[in-house]
Q: 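Once you've had a glance at the structure underneath, I'll fire off some questions.
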Amino acid sequence: MAINSKIKVLRDNLKTQLSARAALSGVAIFKFPPADEAPKTEMMFFGDASSNIDFETFGKSYSEDLDITVFCYALKAGAGDLVAAAARDRALELAQEVIDELADDSTINGAVLVSKVRSFTEENGLSDEGRFCQIEIQVEAEAILSE
């Protein structure tokens, strides 16, 4: 049997777990960056993922360090600081749901041994529709693979 990365199951389980959170009801969540089907107001999506597998572990088990990027996006119609702050506040609420989910279940429904938020970045900007804020969250996880 070939060694398989846990990236796919991590991505699948994280989407399932976040979709089940009551506070995210009505928020579109995508496993990959969305295209035309993306809503204009708020959404979450997963970006790039990476894996580092340690093949030097004894036996037929291997450790894997994973990273996945989660984006939380909010747009508010209008202009000015108050609108920008409202977009930022909503994006932070979405990001908090990711943090809370990992605190509630750091195994992401058994996909990994443990996960945590490593860092996040806030981006604020303007669009034709108003002010937006996007939070980029770096999630890291550890898993065990076997042949």
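Just so you know, these numbers use all the heavy atoms, side chains as well, and skip hydrogens, waters and symmetry mates.
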Q: Under the salt bridge (Lys or Arg N to Asp or Glu O under 4.0 Å) rule, collect the residues that match up with K40, sequence neighbours excluded.
A: none

Q: Name all residues meeting the side-chain hydrogen bond (donor to acceptor under 3.5 Å, both in side chains) criterion together with R90; count only those two or more places apart in sequence or in a different chain, and write none if there are none.
A: E42, E93

Q: May I ask you to test the L102-V117 pair for a side-chain heavy-atom distance under 4.5 Å?
A: yes

Q: Do D54 side-chain atoms and S63 backbone N/O form a donor-acceptor pair below 3.5 Å?
A: no

Q: What do the steps show when you test K15 against F30 for side chain to side chain contact (heavy atoms under 4.5 Å, CB included), and what is the final call?
A: CA-CA 7 Å; K15 181 187 186 302; F30 300 94; 5.9 Å; no

Q: Hydrophobic clustering (ILVMFWY, side-chain heavy atoms < 4.5 Å, transitive) - are L66 and V9 grouped together?
A: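 No, because V9 and L66 fall into different hydrophobic clusters, even though each may have its own neighbours under 4.5 Å.
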
Q: Verify the neighbour count for atom CG of D81: are there more than 12 heavy atoms of other residues, nucleotides or ligands below 6.0 Å?
A: no

Q: Under the side-chain contact (heavy atoms from CB on, under 4.5 Å) rule, collect the residues that match up with A20, sequence neighbours excluded.
A: none

Q: Under 3.5 Å, which donor-acceptor pairs link side chains of residues 67-80 to any protein atom two or more places apart or in another chain?
A:
| from | atom 1 | to | atom 2 | distance (Å) |
| --- | --- | --- | --- | --- |
| D67 | OD1 | R118 | NH1 | 2.6 |
| T69 | OG1 | Q138 | OE1 | 3.3 |
| T69 | OG1 | Q138 | NE2 | 3.1 |

Q: Could you pull out all residues at least two apart from D12 that satisfy side-chain contact (heavy atoms from CB on, under 4.5 Å)?
A: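 By the side-chain contact (heavy atoms from CB on, under 4.5 Å) rule, D12 matches K8, K31.
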
Q: side-chain hydrogen bond (donor to acceptor under 3.5 Å, both in side chains) with D105: which residues, sequence neighbours excluded?
A: T107

Q: According to ring pair (Phe, Tyr, Trp, His ring centres under 6.0 Å), does anything in residues 74-94 pair up with another residue at least two apart or in another chain? List the pairs.
A: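 Applying ring pair (Phe, Tyr, Trp, His ring centres under 6.0 Å) to every pair that reaches into residues 74-94, excluding sequence neighbours, yields nothing.
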
Q: What distance do L94 atom CG and M43 atom CE have between them, rounded to the nearest 0.5 Å?
A: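 Reported value, rounded in 0.5 Å steps: 10.5 Å.
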
Q: Under the rule for side-chain hydrogen bond (donor to acceptor under 3.5 Å, both in side chains), what residues qualify as partners of S25, not counting sequence neighbours?
A: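 Per chain and number, S25 pairs via side-chain hydrogen bond (donor to acceptor under 3.5 Å, both in side chains) with no residue.
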
Q: Who are the side-chain contact (heavy atoms from CB on, under 4.5 Å) partners of E122, not counting sequence neighbours?
A: R88, N124, C133, I135

Q: How far apart are the C-alpha atoms of M44 and L24, what are their side-chain angles, what is the distance that settles it, and do they pass the side chain to side chain contact (heavy atoms under 4.5 Å, CB included) test?
A: CA-CA 9 Å; M44 299 173 81; L24 296 176; 3.8 Å; yes

Q: Checking E97 now: which residues fulfil salt bridge (Lys or Arg N to Asp or Glu O under 4.0 Å) with it, not counting sequence neighbours?
A: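 Partners of E97 under the salt bridge (Lys or Arg N to Asp or Glu O under 4.0 Å) test: R21.
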
Q: side-chain hydrogen bond (donor to acceptor under 3.5 Å, both in side chains) with S19: which residues, sequence neighbours excluded?
A: none

Q: When rounded to the nearest 0.5 angstrom, what is the spacing between CG in D104 and CD1 in I99?
A: 12.0 Å

Q: Flag the pair L18 / F46 as yes when at least one side-chain heavy-atom distance between them is below 4.5 Å, and no otherwise.
A: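 The answer is yes, as the side chains (C-beta and beyond) meet within the 4.5 Å cut-off.
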
Q: Would you please name every residue forming a side-chain contact (heavy atoms from CB on, under 4.5 Å) with L113, sequence neighbours left out?
A: I144

Q: Going through the checks in order, is the side chain to side chain contact (heavy atoms under 4.5 Å, CB included) test met by N52 and S50?
A: CA-CA 7 Å; N52 183 19; S50 65; over 6 Å; no

Q: A side-chain contact here means heavy atoms from C-beta on lying under 4.5 Å apart; do E140 and D65 qualify?
A: no

